[in-house]
Amino acid sequence: ETVYAYGMHLLPGVIDAHVHMRDPGGTDKEDLRTGSMAAAKGGVTTFLDMPNTSPATISQKMLEEKLTLASVKSVVNYGFFVGATLDNMAELKKVTRTPGIKIYMGSTTGDLFLKDPGMLEAIFAETKLPIAVHAEDENIITRNLEELGLTRNVTDHSKIRTPEAEASAVRKAVALAKEYKHRLHLCHMSSELALAEFEDHADLITAEVTPHHLFLNESDYMNLGTLAQMNPALKSASDNAALLQALLDDQIQIVATDHAPHRFEDKCQRYPDSPSGVPGVETALPLMLDLVHKEKCTMEDVVHWMCEGPALVWDIMEKGRIEVGYDADLVLVDMNKTVALRGPHMQTKCRWTPFEGREVTGWPVRTWVCGKEVYREGEFDLSRPGVEVMFDHSRGGYWAGIDG
Ligand code: DOR
Ligand code: ZN
Ligand code: ZN
Ligand code: ZN
């Protein structure tokens with residue numbers, strides 16, 4: 001087939017290295033079918049899913065159950081993190097077919113918060129897989145909560161989950177990574193204070209930022225209320241600027257969404273009964289392309305942060321289905337298309353977005369996974385399942401990938 005693409009840009013498919021597809025156990029919010037369709041629509045051809053499902057992904061057996069589910073339901077390529085608990089060290093030491101171990105250093109959706117600091121250190125000391133952390137210090141969160149008293153206003157969320165809480169956890173994780181020379185990835189950095197806790201050190205420590213921490217801040221509670229509630233919490237406008245600068249400086253290597261769908265009705269409960277998290281897998285590429293349109297970064301930067309960066313950080317190798325040569329995970333992008341983001345237009349099961357009404361220029365229009373077109377201007381070909389991606393952790397770090 002000949003594809004006519006005059007005036008368009010053909011980019012590598014986006015790798016979203018941080019999503020919550022809610023499958024199994026949370027399929028009222030999202031599942032691997034709806035979430036992967038949202039991904040394809042957003043130009044995302046591979047996602048890495050987090051372990052805080054029900055049940056949580058904490059063993060080889062549960063990981064393989066998810067891989068089997070995805071092989072049937074996902075229209076894009078996939079991989080699954082394994083979660084650390086107080087008693088699954090034996091699994092963490094031998095688990096395979098995973099990008100790495102996810103550790104929750106603070107409480108959030110699900111029950112994977114690892115409350116024992118001794119266990120945290122033991123995982124750095126005794127395991128080999130790269131470690132990704134949700135870095136928020138639960139002691140500081142608890143202290144802030146106690147000082148504030150009864151919290152009924154969502155703006156308190158940012159007074160509880162402060163830059164200090166993030167910076168403190170980042171400091172601990174970075175110290176452990178250096179002590180045990182263990183590959184560490186800092187998920188969803190949200191504050192300038194936390195950025196000061198680690199250097200540009202990508203053979204050992206890498207970091208990510210979400211579109212919502214780049215483009216939203218505390219002033220957005222006014223319009224969004226609890227729809228703007230997520231962990232880590234939104235910070236200030238100057239944090240937005242510092243995070244973009246950290247991307248431009250290569251201190252942060254990847255943009256990942258932390259796609260965390262919740263039902264609209266649940267999000268509209270009064271704080272703090274409302275759950276934390278926002279969807280993002282299908283809005284990330286348009287939001288980043290809009291930055292290109294506004295000349296705040298280049299198209300090459302976006303490819304760096306959303307395609308090459310995550311592939312190098314997580315050592316992604318594609319098994320693919322084509323026997324000779326490389327297969328094609330591609331997205332065709334129309335930089336002349338301007339459309340406002342709208343909840344009802346969303347493919348994600350939750351059908352709302354914290355970016356409601358925002359006009360963005362630069363849209364994915366067609367998406368190919370392993371050489372097969374799965375999305376074309378509003379239409380899907382669901383007969384094309386994605387494939388499991390493989391991870392080669394033998395190269396040792398992000399820069400090793402670039403140089404080699
Ligand atoms: O806001 C969040 N939502 N942060 C997390 O760390 C988890 C996520 C979720 O799963 O809902
Ligand atoms: Zn997290
Ligand atoms: Zn997350
Ligand atoms: Zn492929």
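We count ligands from 1, going down the list as the structure has it; atoms in each ligand are counted the same way.
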Heteroatom of Asp258 nearest to the Zn ion (ligand 3) (N, O or S, atom name): OD1

State whether a side-chain donor-acceptor pair under 3.5 Å links Arg161 with Ser276. no

With heavy-atom distances below 4.0 Å as the criterion, list the atoms of ligand 1 near Asn52. 9 (C), 10 (O)

Counting backbone and side-chain atoms alike, does His18 have an N/O/S atom under 2.8 Å from the Zn ion (ligand 3)? yes

Below 4.0 angstrom from a heavy atom of Ala260, which ligand 1 atoms are there? Numbered from 1 as shown, please. 3 (N), 8 (C), 9 (C), 11 (O)

Between Thr98 and the options Leu67, Leu92, Val82, Thr57, the side chain to side chain contact (heavy atoms under 4.5 Å, CB included) test singles out Val82

Decide, counting backbone as well as side-chain atoms, whether His188 has an N, O or S atom less than 2.8 Å from the Zn ion (ligand 2). yes

Is the Zn ion (ligand 3) less than 2.8 Å from an N/O/S atom of His134, whether that atom is in the backbone or a side chain? no

Would you tell me whether Glu295 and His293 have side-chain atoms, one donor and one acceptor, within less than 3.5 Å of each other? no

Output yes when the distance from some N or O of ligand 1 to some N or O of Tyr104 is under 3.5 Å, and no in every other case. no

Which protein non-hydrogen atom lies closest to atom 4 (N) of ligand 1, naming both residue and atom, and how far is it? Asn231 O, 2.8 Å

Compute the centroid of each ring, for His393 and then for Trp314, and state whether the two points are separated by less than 6.0 Å. no

Among all protein heavy atoms in this structure, tell me which lies nearest to atom 3 (N) of ligand 1, with the distance rounded to 0.1 Å. Ser276 O, 3.1 Å

Identified side chain to side chain contact (heavy atoms under 4.5 Å, CB included) counterpart of Ser168 within the set Ile141, Thr162, Ile140, Asn139: Ile140

Would you mind telling me if ligand 1 is within reach of the side chain of Met50, the backbone, both or neither, using heavy atoms under 4.0 Å? neither

In terms of side-chain geometry, is the basic nitrogen of Arg97 or Glu388 positioned less than 4.0 Å from the acidic oxygen of its partner? yes

Stepwise, does the side-chain contact (heavy atoms from CB on, under 4.5 Å) test hold for Thr85 with Leu112? CA-CA 6 Å; Thr85 70; Leu112 283 175; 3.8 Å; yes

Quick one: sort the Phe80 and Phe47 rings into parallel, tilted or perpendicular, breaks at 30° and 60°. perpendicular

His262 versus ligand 1: do any nitrogen or oxygen atoms come within less than 3.5 Å of each other? yes

So that I know where these two stand, are Tyr104 and Phe113 an aromatic pair - ring centroids less than 6.0 Å apart? no

Can you list the ligand 1 atoms lying under 4.0 Å from a non-hydrogen atom of Thr109? 3 (N), 8 (C), 9 (C), 10 (O), 11 (O)

Check Val278 against ligand 1 and report side chain, backbone, both or neither, counting heavy atoms closer than 4.0 Å. neither

Give the atom numbers and elements of ligand 1 that come within less than 4.0 Å of a heavy atom of His134. 6 (O)

Starting from atom 5 (C) of ligand 1, what is the nearest protein heavy atom, named by residue and atom, and what distance separates them? Thr108 OG1, 3.0 Å

Does ligand 1 have an atom under 4.0 Å from some heavy atom of Arg22? yes

Pair Thr155-Tyr271, side-chain donor/acceptor within less than 3.5 Å: no

So, regarding Met230 and ligand 1 (criterion: nitrogen or oxygen to nitrogen or oxygen, under 3.5 Å), is there a contact or not? no

Check for me whether the distance between the ring centres of His259 and His20 falls short of 6.0 Å. no

